[in-house]
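Chain identifiers are assigned alphabetically (A, B, ...) following the order of the sequence lines, protein sequences preceding nucleic acid strands; residue numbering begins at 1 within each chain.
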There are 2 protein chains.
Amino acid sequence: MKIGELAQRTGVSIRSIRYYEQQGLLSPLRQENGYREFSTFAEEQIRTIQLYLTLGLSTEQIAYFLHCVMKNKEAFCQEVLPLYEQKLTEINLQIQNLEHIKSNLEERILSIHNEQEHLASNQKLL
Amino acid sequence: MKIGELAQRTGVSIRSIRYYEQQGLLSPLRQENGYREFSTFAEEQIRTIQLYLTLGLSTEQIAYFLHCVMKNKEAFCQEVLPLYEQKLTEINLQIQNLEHIKSNLEERILSIHNEQEHLASNQKLL
DNA sequence: CTTGACCCTCACACTAATGTCATCCTTTAT
DNA sequence: ATAAAGGATGACATTAGTGTGAGGGTCAAG
């Protein structure tokens with residue numbers, strides 16, 4: 001199938017499919033006219049790529065184990081686990097950081113509200 | 001004081017200070033030779049900018065209320081509260097998203113471990 | 001007068017996946 | 001034969017703050 005059909009079937013833009021190829025995630029054959037020729041297998045492959053992207057892995061990381069994962073189950077690919085664990089560590093750090101900011105923001109919002117109430121009650125007294 | 005001294009006193013790079021000026025957060029005077037001339041007040045201003053940056057506000061957002069905040073307390077600046085609340089909403093969305101990814105990753109890691117144990121015990125039987 | 005330490009502006013690099021546009025080629029339908 | 005649809009490549013834009021380097025002034029000490 002040609003790239004347009006693959007894009008439509010997967011919901012991934014043509015641009016992105018070309019990018020995945022450039023990053024070594026896909027290796028479509030070429031027709032004589034230069035058009036990319038994708039097997040039906042590519043459809044599953046694209047969905048798999050998308051899945052890993054939503055997990056926050058980079059195309060480079062995905063390229064590192066995709067060939068294995070497409071043939072076996074994840075658990076059979078040594079490359080996957082360390083990346084998952086590394087990503088999990090990153091995510092935890094990010095969450096921690098965000099929680100920190102969040103509580104800071106909440107404190108500030110609260111104290112603004114308090115000060116404004118205080119102001120309002122002073123106004124009442126006048 | 002000149003930019004180098006200000007950078008040293010605040011720990012913020014010269015590059016960043018110039019950038020803040022470009023974004024309208026600072027308006028140093030200029031000496032006749034073109035050098036920026038900062039008041040001691042700029043030091044506090046830089047620290048305030050940094051504080052808001054760590055809260056995840058953009059220089060554009062900071063520019064929007066900095067003039068007020070530098071003169072009054074936050075609570076007196078109408079512009080601040082909506083930005084805080086907007087940022088808080090964003091942060092909560094990000095956290096939610098990260099938690100989602102996190103649990104997905106954890107599940108996958110767990111299931112890989114399980115499968116590998118399963119594999120190992122099968123090997124023992126041989 | 002020279003050296004070295006500062007200062008200036010301008011501009012590119014970075015991250016990473018995707019959008020978008022320009023220009024050109026191929027195929028298919030009219 | 002021509003027009004429309006779709007494919008190819010290449011390149012720039014996006015985000016936002018910061019690093020870095022070029023090329024060139026300024027100033028003070030020796």
Practice problem: To the nearest Å, give me how far apart CD (B/Gln31) and P (C/dC7) are. | Solution: 10 Å

Exercise. Taking atom types as modelled, find out whether A/Gln94 and A/Glu90 have a side-chain donor-acceptor pair closer than 3.5 angstrom.
Key: no

Quiz prompt | Verdict with reasoning, B/Lys73 to A/Glu115, per salt bridge (Lys or Arg N to Asp or Glu O under 4.0 Å) | solution = CA-CA 10 Å; B/Lys73 298 184 67 172; A/Glu115 290 207 46; 3.3 Å; yes

Exercise. Verify the contact: side-chain N or O of B/Tyr19 to OP1 or OP2 of D/dT18, cut-off strictly under 4.0 Å; return yes or no.
Key: no

Exercise. Answer yes or no: is there a donor N or O on one side and an acceptor on the other, between the side chain of A/Gln116 and the main chain of B/Ala75, under 3.5 Å?
Key: yes

Practice problem: Please report, rounded to the nearest Å, how far the P atom of D/dA16 is from the CD1 atom of B/Ile62. | Solution: 12 Å

Self-check item: Interatomic distance, A/Leu88 atom CG to A/Leu55 atom CG [nearest 0.5 angstrom]
Solution: 11.0 Å

Quiz item: Is atom CD of B/Gln8 surrounded by more than 12 heavy atoms (other residues, nucleotides or ligands) closer than 6.0 Å?
Solution: no

Quiz item: Do A/Gln50 side-chain atoms and A/Val12 backbone N/O form a donor-acceptor pair below 3.5 Å?
Solution: no

Quiz item: Heavy atom of residues 40-60 of chain B under 4.0 Å from DNA chain C: which residues?
Solution: none

Quiz prompt | Net bend of the helix from C/dC1-D/dG30 to C/dT30-D/dA1, end axes of five pairs each, nearest 10 degrees | solution = 40°

Quiz item: Pick one: which of B/Arg108, B/Glu107, B/His100 meets side chain to side chain donor-acceptor pair (under 3.5 Å) with B/Asn104?
Solution: B/Arg108

Quiz item: Is the closest basic N to carboxylate O distance between A/Arg15 and A/Glu21 below 4.0 Å?
Solution: no

Exercise. Starting at the 5' end of nucleotides 4-9 of chain D, put B wherever the base has a protein heavy atom under 4.0 Å, S where only the sugar-phosphate does, and a dash everywhere else.
Key: --BSBB

Quiz item: Is the backbone N or O of B/Cys68 less than 3.5 Å from a side-chain atom of B/Asn72, with the two atoms forming a donor-acceptor pair by type?
Solution: yes

Practice problem: Please report, rounded to the nearest Å, how far the C1' atom of D/dG19 is from the CD atom of B/Gln22. | Solution: 15 Å

Quiz item: Between A/Tyr84 and A/Glu74, is any side-chain donor less than 3.5 angstrom from a side-chain acceptor?
Solution: yes

Quiz item: Do side-chain atoms of A/Lys87 reach the backbone of A/Leu57 as a donor and acceptor pair under 3.5 angstrom?
Solution: no

Exercise. Write down the distance between CZ (B/Arg15) and P (D/dA22), rounded to a whole number of angstrom.
Key: 16 Å

